[in-house]
Amino acid sequence: MTTMSSSDLDNSLSPETAQLRSAVCTHCGCVCDDLTATIEDQRITRIENACSLSEEWFLAQTATPDLRFEIEGQSVSPEEAIEKTADILGQAQSPLIHGLARSSTPGQRAAVELADRIGAIIDTSASMCHAPSILAFQRVGESTCTLGEVRNRSDLVIFWGSNPVESHPRHLERYSGDVAGLFVPHGRSDRTLVVVDTQETETSDAADLFLKIEPESAFDVLWTLRSLLAGKTVTDARVGGIAIEQLQALAEKMRGCQFGAAFFGLGLARGPLGHQNVEALLQLVTDANDHTRFIARRMRNYGDVAGADSVLCWQTGYPFSVNLSRGYPRYNPGEFSAFDLLARGDVDAAFLIGSDGLNKIPDAALDFLRQIPTIYLAPADTEPPFVPTVRLTSGTYGIHDYGTAYRMDEVPIPLKPIFANEVPMDETLIQSVLEILP
Ligand code: SF4
């Protein structure tokens, strides 16, 4: 049931026009919650504070999305699609449930309940993005804080293997760049911005210091910084293509700042040494806490991928790649990661729920998906890269219903609907499947 509180809505504009303040964007891991949507004739006609990534998406949203229920590409009733879904999952010996980044806490919770009931392997979009970072956290821990603390305290911000100007367009404006905070009242002029990357980016153009390192050299550069921070002498003239004097200067900045924040992206976390790179960065940040306060944070790409990790953690004990086929959870990234399972042909049905990033699916996994029964459940604005056996369409949390999305710093942000009419959500569709499962 979707209703909005009167304090959120301003209906004074005209009889047909309303404004929703504090609308929330779930397009990237910033989960900005300060948008204002103007609603006319059941459409969003204006969206304030949206960025270049999300404005067009908001303006395409309507109160009545194109809900598609299909079997083998042919239109069917919602009941028939739900029955076919239950039929496929009921017969499967080794089903896979994957995705959840475009979902929200209610849908993610229902997906775990379904996985538990049918003994499925459940994996999230994290397994193809920040999975190596999660493995690194599990080995060495993390020094962390909320983005609010970064906004109010950080006078040194490092982006490593991340280009937020393109991927998270409001990150600098809201938390890490221009924004003034309690202990950095002059915003950008109180803050030193450092970018470490293998290529020039829009963010490196805006930085005070850009270290362009050689590909696959991050691990060496990070360990050199650890040595320099510890006051050791490094005899190499250059490491990773960077003069040792520049690395020494960065180590000094880290030692001398009031509050440092290192944000890292897939440029650091993916690749052959991904988890070891992240481990090295986390240890560098831990070392920096001997001198000052320093934190590390992942730049999460997909809207609620952090929520998917959280829900799986609190329900199964593990954040992704969880096998429930024996009636208790087993965790083994790689063995139980969705795309690896598909590439090896180790599942016999797949239920993709709110999957983001399917454009990155390897060819072998996609070929196998085309050979097995598949169910695709997602909001109307997504298209699968294959024709699924069953397609179900849901509304979008924060547009058509309440929900919760976890920001990249794991702060839960409540989502309010922009439209007040009822649209089926993934939670209700999954519950309908659960009710008729054999
Ligand atoms: S920065 Fe991300 S969450 Fe914020 S408005 Fe842009 S796309 Fe949405």
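Every value quoted in this text rests on a predicted model; they were computed, and no experiment measured them. One-based numbering, in listed order, for ligands and for the atoms of each.
- With sequence neighbours excluded, the residues satisfying salt bridge (Lys or Arg N to Asp or Glu O under 4.0 Å) with E279 are R139.
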L100/I122 under side-chain contact (heavy atoms from CB on, under 4.5 Å): CA gap, chis, key distance, verdict: CA-CA 10 Å; L100 306 179; I122 184 163; 4.1 Å; yes

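- Listed by chain and number, the protein N, O or S atoms at a distance under 2.8 Å from atom 2 (Fe) of ligand 1 are C28 SG.
- No more than 12 heavy atoms of other residues, nucleotides or ligands shown are found within 6.0 angstrom of CZ on R46.
- A donor-acceptor pair shorter than 3.5 Å cannot be found between the side chains of T38 and T45.
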Trace of the side chain to side chain donor-acceptor pair (under 3.5 Å) decision for D304 with Q108: CA-CA 10 Å; D304 198 27; Q108 291 153 352; 3.0 Å; yes

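- At least one donor-acceptor pair closer than 3.5 Å links the side chain of R297 to the backbone N or O of D409.
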